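None of these values were measured; they are calculated from a predicted model.
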Amino acid sequence: MTSYNDLLFNVLVGFVLLFILAFMLINPITKKAEIPKKAEIMVMLEWEDKSKDDIDLWVVGGTMAKPLSFQVKNSDYWHLDRDDLGHQTDITMVSGEAIVLHYNREVATMRGLMPGDYHINVHVYGKKDDGPTEVSITLVDVNPYKEHYKIKAMANGHSDIIKFPGFTVDNKGQITNLFTSDK
């Protein structure tokens with residue numbers, strides 16, 4: 001009977017050790033990536049969906065070290081979410097098949113509080129279409145949502161620069177003033 005008790009005790013100790021080892025090998029739950037929770041201000045540039053033109057959005061102001069553009073996609077709290085090259089970036093591969101998505105849009109987002117005066121310019125980097133191309137800029141204050149303006153203009157030739165109204169951001173992150181930009 002003692003040999004049976006010894007065997008039973010050894011099996012019990014073995015199970016307890018295996019349980020402790022398995023418990024130690026459990027991986028901790030990984031924390032989700034920290035993603036900025038909100039955007040403060042968005043500037044959206046859109047132009048004709050089937051256009052081949054490469055049109056770029058530029059934002060400068062406040063205490064930004066460098067203007068936000070296709071050359072500098074992150075400047076302080078500003079981020080250029082996508083540099084659209086016109087027709088060149090409209091083709092995507094899905095399951096080995098090329099699909100064309102006719103959509104021309106660039107979005108600049110301010111994620112954080114950065115008071116100051118900001119200027120918005122549009123630069124025609126590559127004019128490939130014949131005739132003018134209609135572009136539009138939409139300025140949106142995200143929290144709380146308010147569309148300050150949506151203005152359309154015509155891009156006529158290569159290297160054109162179109163100046164859109166600038167805006168002032170106060171200490172609370174709100175757009176308080178629109179003004180004619182001279183930059």
Side-chain angles (χ1 to χ4, degrees), residues 1-47 49-50 52 54-116 118 120 125-126 137-148 150 167-176:
M1 187 71 163
T2 54
S3 62
Y4 178 75
N5 287 341
D6 288 344
L7 180 64
L8 191 60
F9 181 73
N10 286 336
V11 168
L12 180 64
V13 169
F15 277 120
V16 169
L17 288 175
L18 286 174
F19 177 75
I20 291 171
L21 183 62
F23 191 73
M24 288 180 2
L25 293 175
I26 293 174
N27 289 334
I29 297 172
T30 56
K31 189 176 179 182
K32 292 184 180 180
E34 292 293 326
I35 298 173
K37 294 181 181 175
K38 63 179 184 175
E40 296 295 334
I41 296 170
M42 294 176 70
V43 179
M44 294 169 278
L45 164 66
E46 296 176 301
W47 65 100
D49 289 339
K50 294 189 178 183
K52 297 176 186 172
D54 180 4
I55 300 176
D56 292 320
L57 176 63
W58 288 67
V59 178
V60 66
T63 59
M64 295 170 66
K66 296 181 180 179
L68 183 75
S69 68
F70 70 95
Q71 297 168 332
V72 179
K73 295 183 179 173
N74 297 309
S75 183
D76 296 333
Y77 289 127
W78 282 92
H79 304 275
L80 182 64
D81 296 333
R82 181 169 188 253
D83 178 24
D84 197 314
L85 304 175
H87 185 66
Q88 294 175 8
T89 52
D90 289 348
I91 300 171
T92 188
M93 299 298 284
V94 176
S95 300
E97 183 180 338
I99 296 177
V100 179
L101 303 170
H102 297 289
Y103 195 66
N104 292 322
R105 182 182 212 192
E106 291 192 5
V107 178
T109 307
M110 184 170 85
R111 293 185 175 98
L113 180 60
M114 200 164 94
Y118 293 92
I120 302 170
Y125 186 79
I137 287 285
T138 307
L139 175 63
V140 175
D141 200 342
V142 179
N143 295 305
Y145 183 85
K146 182 179 180 185
E147 189 173 301
H148 287 274
K150 183 171 187 171
F167 58 96
T168 302
V169 177
D170 67 7
N171 291 334
K172 296 178 184 175
Q174 303 298 311
I175 296 174
T176 58

Can you tell me how far apart [atom1] ([X]) and [atom2] ([Y]) are? Round to the nearest 0.5 Å.
| X | Y | atom1 | atom2 | answer |
| --- | --- | --- | --- | --- |
| D56 | E106 | CG | CD | 5.0 Å |
| T109 | E40 | OG1 | CD | 11.0 Å |
| I55 | E46 | CD1 | CD | 12.0 Å |
| M44 | D81 | CE | CG | 10.5 Å |
| I20 | F15 | CD1 | CZ | 14.0 Å |
| M42 | H79 | CE | NE2 | 12.0 Å |

#### Entry: F167 side chain reached by I41 side chain, heavy atoms, under 4.5 Å
yes
Any idea which heavy atoms bring [X] and [Y] closest together, and the distance?
| X | Y | value |
| --- | --- | --- |
| S75 | A65 | OG-N, 4.2 Å |
| W47 | R105 | CZ3-N, 4.2 Å |
| L80 | S69 | CD2-O, 3.6 Å |

### Message
Other residues, nucleotides and ligands only: do more than 12 of their heavy atoms fall within 6.0 Å of CZ on F9?
### Response
no
### Pairing residues for Y77 by the ring-ring contact (aromatic ring centres under 6.0 Å, His included) criterion, not counting sequence neighbours
none
### Residue that, paired with K66, satisfies side-chain contact (heavy atoms from CB on, under 4.5 Å) out of N74, V60, V72
V72
### Query
In terms of the angle between their ring planes, are W58 and F70 parallel, tilted or perpendicular, with boundaries placed at 30° and 60°?
perpendicular
### Query
Where do I120 and L45 land on the side-chain contact (heavy atoms from CB on, under 4.5 Å) test, with the steps shown first?
CA-CA 10 Å; I120 302 170; L45 164 66; over 6 Å; no
Could you list the donor-acceptor pairs under 3.5 angstrom formed between side-chain atoms of residues 169-176 and any protein atom two or more places apart in sequence or on another chain?
from : atom 1 : to   : atom 2 : distance (Å)
D170 : OD1    : K172 : N      : 2.9
D170 : OD1    : G173 : N      : 3.0
D170 : OD1    : Q174 : N      : 2.8
Q174 : NE2    : N143 : O      : 3.1

